[in-house]
Protein chains: 2
Amino acid sequence: MAEGGGWAAMRERRLAEPGAAEAYDAARLAFELGRSVRELRERQGWSQAQLAKRSGMTQSAVARFEAGGTVPTLPVLERLAAALDVSLKVGFEPRGHAA
Amino acid sequence: MAEGGGWAAMRERRLAEPGAAEAYDAARLAFELGRSVRELRERQGWSQAQLAKRSGMTQSAVARFEAGGTVPTLPVLERLAAALDVSLKVGFEPRGHAA
DNA sequence: TCGCGGTATAGCATCTTTGCTATGGCTTGG
DNA sequence: CCAAGCCATAGCAAAGATGCTATACCGCGA
């Protein structure tokens with residue numbers, strides 16, 4: 001959050017070594033998405049089991065997701081969004097800094 | 001694509017179960033993401049093979065993705081975003097109105 | 001202490017995407 | 001006519017996520 005300089009540097013190595021930096025970014029994204037869902041869930045006052053039922057999952061799947069244990073797929077994100085009464089936003093946008 | 005036999009067949013497996021609507025949304029999202037990537041790629045004047053090399057994929061994978069043939073995973077979306085010099089946005093937002 | 005609700009983990013079966021090679025059709029340029 | 005580039009698709013192996021059951025941990029209240 002403070003600065004993104006170091007990460008930008010890592011990003012350039014991706015061109016030579018597929019699977020290294022992306023995996024890191026994906027893990028971070030998974031973690032943040034999990035945190036978002038947990039926040040939304042708690043805001044509704046639901047337990048993991050409650051959310052699981054609403055989104056067609058099991059409690060263990062919700063726990064794994066909230067912990068960032070796996071990189072979620074879009075279908076799962078959509079089901080969670082629907083269950084939480086929010087909409088999922090996925091897209092590209094221009095990058096605001098140098099490469 | 002008035003009939004779209006391929007599409008229908010692809011989703012038919014789950015149309016009878018709860019969660020079918022989400023699966024459909026995922027397919028549509030895949031399609032739109034593919035279109036976005038194709039636009040960005042052509043804007044750069046790159047071929048699928050060029051983009052593939054930059055993002056650590058093969059031409060066939062890019063073609064499949066652009067056609068919406070599969071629902072992409074977040075790691076792939078991030079690699080494509082990096083290759084295309086854009087940033088990937090994934091998140092939840094309140095439903096029912098513009099941001 | 002016991003039971004209970006909530007959460008975290010483990011292990012496994014299944015499904016989907018990805019990565020890869022190869023090929024066919026199409027268009028353009030020599 | 002032939003060659004080259006570009007895109008689409010097929011088929012397969014590998015990787016990873018999901019779905020599921022079961023279980024362990026924790027705090028809390030009866």
Side-chain angles (χ1 to χ4, degrees), chain A residues 14 17-20 22-27 29-31 33-35 37-83 90, chain B residues 1 4-7 9-15 17-20 22-27 29-31 33-35 37-81 83 90:
Chain A
R14 157 204 47 69
E17 195 111 27
E22 305 74 28
Y24 178 77
D25 285 346
L29 191 56
F31 193 79
L33 285 170
R35 227 175 21 183
V37 165
R38 170 161 296 187
E39 250 179 54
L40 292 167
R41 176 175 64 81
E42 292 178 339
R43 185 178 306 171
Q44 300 278 353
W46 297 337
S47 67
Q48 288 180 345
Q50 291 276 312
L51 175 58
K53 177 175 290 184
R54 293 178 66 96
S55 55
M57 312 170 69
T58 55
Q59 177 266 327
S60 69
V62 172
R64 181 169 49 192
F65 169 79
E66 286 188 357
T70 60
V71 178
T73 58
L74 295 184
V76 165
L77 290 175
E78 275 176 343
R79 278 190 290 163
L80 286 170
V90 183
Chain B
M1 61 163 63
W7 270 47
M10 184 174 69
R11 297 190 306 270
E12 186 174 9
R13 196 177 323 116
R14 298 205 166 185
L15 278 177
E17 306 172 23
E22 292 75 23
Y24 176 77
D25 285 346
L29 194 61
F31 195 80
L33 285 169
R35 222 176 26 184
V37 164
R38 171 161 295 188
E39 254 179 51
L40 291 166
R41 175 176 64 82
E42 291 177 340
R43 184 177 307 170
Q44 300 280 350
W46 296 337
S47 67
Q48 289 179 344
Q50 290 278 312
L51 175 59
K53 178 175 292 184
R54 293 179 64 97
S55 55
M57 311 170 69
T58 56
Q59 178 265 327
S60 68
V62 171
R64 182 168 48 192
F65 169 79
E66 286 188 358
T70 61
V71 178
T73 58
L74 295 185
V76 164
L77 290 176
E78 276 177 341
R79 279 190 288 164
L80 286 171
V90 183

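Every chain is numbered from 1 and lettered A, B, ... according to where its sequence line falls, protein lines coming before strand lines. Side chains included, hydrogens not; waters and symmetry mates left out as well; all remaining heavy atoms used.
For B:Leu74 and C:dT16, the CG to C1' distance is 14 Å, given to the nearest whole Å. The separation between B:Glu66 atom CD and D:dC7 atom C1' is 9 Å, rounded to whole Å. Residue B:Phe65 contributes atom CZ, which lies 13 Å from atom P of D:dA8 at whole-angstrom precision. Straight-line distance from the NZ atom of B:Lys53 to the P atom of C:dG19: 16 Å, rounded to whole Å. Rounded to an integer number of Å, the gap from B:Trp46 CH2 to D:dC7 C1' is 18 Å. Going from atom CG of A:Leu51 over to atom P of C:dT7 covers 10 Å, rounded to whole Å. When the C1' atom of D:dT18 is taken as reference, atom CD of A:Glu78 falls 15 Å away, rounded to whole Å. For the pair B:Gln50 CD and D:dC6 P, the interatomic distance rounds to 7 Å; values are reported in whole Å.
Looking only at side-chain heavy atoms (C-beta outward), B:Asp25 and A:Leu74 stay at 4.5 Å or farther from each other. A 4.5 Å side-chain heavy-atom check between A:Leu80 and A:Val76 finds at least one atom pair inside the cut-off. The shortest distance between side-chain heavy atoms of A:Val62 and A:Val37 does not fall below 4.5 Å.
For A:Gln48 (side chain) and A:Ser60 (main-chain N/O), no donor-acceptor pair under 3.5 Å exists by modelled atom type.
Among residues two or more places apart in sequence or in another chain, the side-chain contact (heavy atoms from CB on, under 4.5 Å) test is passed with A:Arg64 by A:Ala61, A:Thr70.
Contact annotation: B:Arg41 reaches the phosphate of D:dC7 (side-chain N/O to OP1 or OP2, under 4.0 Å). In this structure, A:Arg79 does not reach the D:dA17 phosphate: none of its side-chain N or O atoms is under 4.0 Å from OP1 or OP2. Residue A:Thr73 has a polar side-chain atom (N or O) positioned under 4.0 Å from OP1 or OP2 of D:dT18.
You'll find that the side chain of B:Gln48 is closest to D:dA8, out of D:dA17, D:dA8, C:dT7. Closest to the side chain of B:Pro72, out of C:dT18, D:dA8, D:dA17, is C:dT18.
A salt bridge links B:Glu66 with B:Arg41: the closest approach of a Lys/Arg side-chain nitrogen to an acidic carboxylate oxygen falls below 4.0 angstrom.
The stretch residues 47-57 of chain A participates, sequence neighbours left out, in no salt bridge (charged side-chain N to carboxylate O under 4.0 Å, His left out) pair at all.
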Atom pairs under 3.5 Å, N or O on each side, protein against nucleotides 20-28 of chain D: can you list them with distances?
unit_1: D:dT21; atom_1: O4; unit_2: A:Ser60; atom_2: OG; d: 2.9

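Contacts of B:Val76 with the nucleic acid, taken as non-hydrogen atoms under 4.0 Å apart, involve only primed sugar atoms and P, OP1 or OP2.
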